Participant: 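Would you mind keeping the following structure in view while I ask a few things?
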2 protein chains.
Amino acid sequence: MKYITIKDIAKKLNTSVSTVSRAFNDKSDINAKTKEVVLKTAKEMGYRQNRMAKNLVQRRSFNIGIVVPEFVNSFFPEVIMGAQDVLFEKGYQVLITQSNECYTTELKNVQSLENSMVDGLLISLSSETANIDYYQDLVNSGFPIIFFNRTYKEIKASKVLFNDYKWAMFATEHLIRQGYRNIYHFQGIKTLTLSRERRRGFMDAHKKHKITVEPHQVITSGFFMEDGEIIAKKLIKNNTIPDAIFAANDQLAIGAMNVFKNNGYKVPEDIAFIGFSESKMGSIVEPPLSSVKQPTFEIGKQAAKLLLDQIEAGNNHSPQTVMLDGELHIRESSQKKI
Amino acid sequence: MKYITIKDIAKKLNTSVSTVSRAFNDKSDINAKTKEVVLKTAKEMGYRQNRMAKNLVQRRSFNIGIVVPEFVNSFFPEVIMGAQDVLFEKGYQVLITQSNECYTTELKNVQSLENSMVDGLLISLSSETANIDYYQDLVNSGFPIIFFNRTYKEIKASKVLFNDYKWAMFATEHLIRQGYRNIYHFQGIKTLTLSRERRRGFMDAHKKHKITVEPHQVITSGFFMEDGEIIAKKLIKNNTIPDAIFAANDQLAIGAMNVFKNNGYKVPEDIAFIGFSESKMGSIVEPPLSSVKQPTFEIGKQAAKLLLDQIEAGNNHSPQTVMLDGELHIRESSQKKI
DNA sequence: TATTTTTTCGAGAACGTTCTCGAAACTTGA
DNA sequence: TCAAGTTTCGAGAACGTTCTCGAAAAAATA
């Protein structure tokens with residue numbers, strides 16, 4: 001395959017490379033007529049711009065790297081779609097990588113993206129990531145990065161976050177108002193800021209209503225459906241059955257719900273459930289799962305916008321945090337029948 | 001941010017650019033000792049290769065473009081992960097785009113990827129795509145493309161397919177053997193090869209067992225859960241209730257199942273269900289949905305391998321079709337209780 | 001018409017690599 | 001010790017663009 005270059009066009013038209021380049025780049029110092037001719041013959045010849053060459057001289061790749069922990073749940077794909085919407089329009093390509101919730105592959109991904117000379121990074125940390133030095137160094141060196149959803153308070157950088165605290169509190173209060181008093185919280189991985197915030201919401205809701213929470217009511221685990229199953233089995237075995245469960249995500253809630261159901265417990269009569277980050281699965285499970293809906297698409301959009309701003313601004317920008325709100329979708333799984 | 005280049009290293013070591021380049025590229029014509037020194041100081045200086053420059057001279061981007069119709073269901077993400085596995089190892093980056101089941105954005109994506117000078121393309125067509133001329137031209141021009149899952153028989157190119165016919169037939173026979181005689185088939189979008197193959201399997205299973213199929217037993221629609229709901233509502237309204245349904249994907253089956261359940265029908269006693277392309281949702285729905293499981297990961301791997309072969313081979317390759325097999329997961333939704 | 005201003009263009013460097021070619025510096029063998 | 005062979009290196013072109021600088025051509029002004 002022989003690619004047509006700008007030189008070929010110049011030769012054919014008996015003009016200079018500069019002129020042809022000018023035609024493509026909307027420069028002012030070119031005659032409207034010649035521009036038209038160039039564009040026309042370029043099309044005829046099947047010319048296609050070589051982005052690598054262009055990027056090389058402009059020292060920009062126009063690539064944005066995205067690192068997410070997984071994408072089998074629809075959450076991150078939706079965020080990515082939001083980001084792509086904004087980025088595509090501005091002529092950026094998106095490189096998507098996924099860390100499989102593993103810190104080492106996450107780091108490998110980031111470095112691989114750096115080698116590709118991405119102009120910036122959108123990243124959501126894996127549940128395993130505990131060491132943030134590498135990222136902090138990168139940020140400090142002036143490299144544009146936006147952290148979204150999964151991040152650490154300690155990182156000094158721009159972030160797009162969901163108001164986990166507020167909505168966890170709402171969700172918990174919803175349960176309390178229904179009369180539930182022995183509510184357990186499945187917090188997932190406890191070190192993530194997001195988990196801590198949701199836990200804080202859970203605790204403060206209780207505090208507000210003057211209900212004490214015993215330590216055993218908050219349970220740490222991973223974030224998968226299997227984790228929810230394991231916890232449920234353990235609770236059944238120990239015969240410590242909550243009357244309601246507020247889980248840090250839908251997967252945990254659904255996993256536990258299935259186990260309890262299979263063991264003869266009725267939902268929501270015996271145990272009420274409420275999840276987080278509304279997933280498609282939550283709406284088809286029996287009974288439908290109440291959940292906090294996050295504005296996935298919007299998260300992606302905001303993160304992309306923030307990143308582009310940061311790229312534009314160069315060095316004179318200061319870290320910003322965008323906090324987004326959601327809504328509580330109450331379904332059968334958490335509604336006491338009267 | 002000032003990037004360290006190969007020149008900086010050469011200057012510092014008082015050697016030539018060529019030598020430094022040789023050190024990085026495992027060339028034979030360099031002294032082992034100098035190589036070591038170069039590598040060491042490069043590391044010290046924080047050198048990072050500029051892929052754009054490299055790619056420019058090699059006339060390769062080492063980027064592979066992937067185009068999928070959607071990725072909110074886990075099917076395509078899993079395929080993509082399989083492909084990434086193979087491609088990453090060979091030093092390729094992956095550019096993922098998604099067409100939203102829309103032909104025009106699909107085309108826009110492909111062209112954008114072409115501009116990025118991807119070395120090859122992995123593509124699964126949108127349900128809307130009816131015109132394949134552009135793709136055929138691209139293939140004919142020698143551009144490496146592998147079509148997977150969603151494709152057309154008419155396209156002359158390499159493909160990675162699932163044996164839809166065989167497994168649709170299996171699934172249908174499974175229903176027939178259970179004694180169901182009034183089986184409906186939700187075929188989704190009828191023009192896709194995949195739909196046609198599944199339909200053929202459905203028909204031939206009946207033929208084999210000498211059961212006639214009336215035209216109204218095969219229903220065309222989109223591929224979403226909503227489509228399944230709409231069909232089910234229509235069937236209920238017309239009071240034409242099948243005793244079993246074989247759907248071209250899980251979404252259709254689940255959508256219909258929910259509507260029937262809400263209208264008092266029992267699954268599988270009144271109506272049995274069987275889906276296709278096993279999804280996570282299928283296993284948590286009540287009752288769990290029988291489905292044909294496709295080897296998603298493997299599909300991605302095979303497609304990537306085929307693509308790399310084709311890139312290596314240059315012009316002397318001939319179109320290949322890889323046909324993969326799956327398994328039938330029988331769950332409650334299709335098992336007659338005795 | 002002569003001068004100035006504006007518009008339009010071309011030459012050629014630059015971006016950061018790889019790669020070819022030939023030359024210098026070693027080894028080897030007789 | 002000298003020729004031939006082998007190893008190691010450097011110079012500089014090339015990849016396909018953009019961009020700066022200055023010059024030519026055209027238009028405007030005096």
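In this text, all values refer to a predicted model and were calculated from it rather than measured experimentally. In what follows, chains are A, B, ... by sequence order, proteins preceding strands, each numbered from 1. For the numbers below, each heavy atom of this structure counts, side chains included, while hydrogens, waters and symmetry mates do not.
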Participant: Just wondering, do A/Lys156 and A/Val139 contact through their side chains at under 4.5 Å, heavy atoms?
Facilitator: no

Participant: Is the closest side-chain heavy-atom distance between A/Ile66 and A/Leu121 below 4.5 Å?
Facilitator: no

Participant: Using atom NZ of A/Lys7 as one end and atom P of C/dG10 as the other, report the distance to the nearest whole Å.
Facilitator: 16 Å

Participant: Look at all strands and tell whether B/Asn31 reaches a base, only sugar-phosphate, or nothing, counting heavy atoms closer than 4.0 Å.
Facilitator: sugar-phosphate

Participant: Taking CD1 from A/Ile4 and P from D/dC15, how many angstroms apart are they, rounded to a whole number?
Facilitator: 14 Å

Participant: Starting from the 5' end of DNA chain C, give me the residue, A/Ser28 or B/Gln49, whose nearest nucleotide shows up first.
Facilitator: A/Ser28

Participant: Compare the minimum distances between each of C/dT17, D/dC9, D/dT18 and the side chain of A/Asn25, then state the nucleotide with the smallest one.
Facilitator: D/dT18

Participant: Between the two ends of the helix from C/dT1-D/dA30 to C/dA30-D/dT1, what is the bend in degrees, rounded to 10 degrees, where each end axis spans five pairs?
Facilitator: 40°

Participant: Going through the checks in order, is the side chain to side chain contact (heavy atoms under 4.5 Å, CB included) test met by A/Gln84 and A/Ile96?
Facilitator: CA-CA 10 Å; A/Gln84 277 185 329; A/Ile96 302 166; 4.0 Å; yes

Participant: Looking at side-chain heavy atoms only, is the closest gap between A/Asp119 and A/Asn63 below 4.5 Å?
Facilitator: no

Participant: Considering only D/dT18, D/dC9, D/dT20, which nucleotide approaches the side chain of B/Ile30 most closely?
Facilitator: D/dC9

Participant: Check every strand shown and say whether A/Tyr47 touches a base, only sugar-phosphate, or nothing at a heavy-atom separation below 4.0 Å.
Facilitator: sugar-phosphate

Participant: Does OP1 or OP2 of C/dT17 have a side-chain N or O of B/Asn50 closer than 4.0 Å?
Facilitator: no

Participant: Please assess B/Glu106 against B/Tyr135 for the test side chain to side chain donor-acceptor pair (under 3.5 Å), listing each intermediate value before the final yes or no.
Facilitator: CA-CA 11 Å; B/Glu106 180 181 291; B/Tyr135 300 113; 2.5 Å; yes

Participant: Does A/Arg59 make a side-chain donor-acceptor contact with the base of C/dG16, cut-off 3.5 Å?
Facilitator: no

Participant: Whole angstroms only, please: what is the CZ-C1' distance between B/Arg60 and C/dT17?
Facilitator: 16 Å

Participant: Pick the closest DNA chain D nucleotide for B/Ala53 and for B/Thr34 by heavy atoms, then say which residue is nearer the 5' end.
Facilitator: B/Thr34

Participant: Extract all donor-acceptor atom pairs below 3.5 Å that involve side chains of residues 143-150 of chain A and protein atoms in other chains or at least two apart in sequence.
Facilitator:
from: A/Asn149; atom 1: ND2; to: A/Gln294; atom 2: OE1; distance (Å): 3.2
from: A/Arg150; atom 1: NH1; to: A/Glu101; atom 2: OE1; distance (Å): 3.2
from: A/Arg150; atom 1: NH1; to: A/Leu125; atom 2: O; distance (Å): 3.1
from: A/Arg150; atom 1: NH2; to: A/Glu101; atom 2: OE2; distance (Å): 2.9

Participant: Are B/Lys27 and D/dT8 close enough that a side-chain N or O sits under 4.0 Å from OP1 or OP2?
Facilitator: no

Participant: Kindly indicate whether the side chain of A/Val110, heavy atoms from C-beta on, has any atom under 4.5 Å from the side chain of A/Leu138.
Facilitator: yes

Participant: By the 4.0 Å heavy-atom rule, please label A/Arg22 as base, sugar-phosphate, or nothing.
Facilitator: base

Participant: Hey, mind stepping through B/Lys40 and B/Glu44 against salt bridge (charged side-chain N to carboxylate O under 4.0 Å, His left out) and telling me if it holds?
Facilitator: CA-CA 6 Å; B/Lys40 190 164 150 273; B/Glu44 281 171 12; 3.5 Å; yes

Participant: With side chains defined as the heavy atoms from C-beta onward, is the minimum distance between B/Gln136 and B/Glu154 less than 4.5 Å?
Facilitator: no

Participant: Using whole Å, what does the distance between atom P of nucleotide C/dC19 and atom CG of B/Asn55 come to?
Facilitator: 12 Å

Participant: Whole angstrom is fine here: how far is it from CD1 in A/Ile6 over to P in D/dC19?
Facilitator: 11 Å

Participant: Do A/Arg48 and D/dG16 have a side chain to base donor-acceptor pair shorter than 3.5 Å?
Facilitator: no

Participant: Just how far, in rounded Å, is C1' of D/dA23 from CG of A/Asp29?
Facilitator: 13 Å

Participant: Quick one, B/Leu95 and A/Val94 - any side-chain contact, counting heavy atoms below 4.5 Å?
Facilitator: no

Participant: Among residues 9-19 of chain A, which residues get a heavy atom nearer than 4.0 Å to DNA chain C?
Facilitator: A/Thr15, A/Ser16, A/Ser18, A/Thr19

Participant: Tell me: CZ of A/Phe62 to C1' of D/dT17, nearest whole Å?
Facilitator: 13 Å

Participant: Under 4.0 Å between any heavy atoms, over every strand shown, what does A/Leu56 touch: base, sugar-phosphate, or nothing? Just pick one.
Facilitator: base

Participant: So, OP1 or OP2 of D/dC19: does either fall under 4.0 Å of a side-chain N or O from A/Gln58?
Facilitator: yes

Participant: Could you please spell out the steps behind the side chain to side chain donor-acceptor pair (under 3.5 Å) verdict for B/Ser18 and B/Ser21?
Facilitator: CA-CA 5 Å; B/Ser18 327; B/Ser21 173; over 6 Å; no

Participant: Taking only the side-chain nitrogens and oxygens of A/Lys54, find out if one of them lies under 4.0 Å from OP1 or OP2 of C/dC15.
Facilitator: no

Participant: Measure the distance from NZ on B/Lys35 to P on D/dT7 and round it to the nearest whole Å.
Facilitator: 15 Å

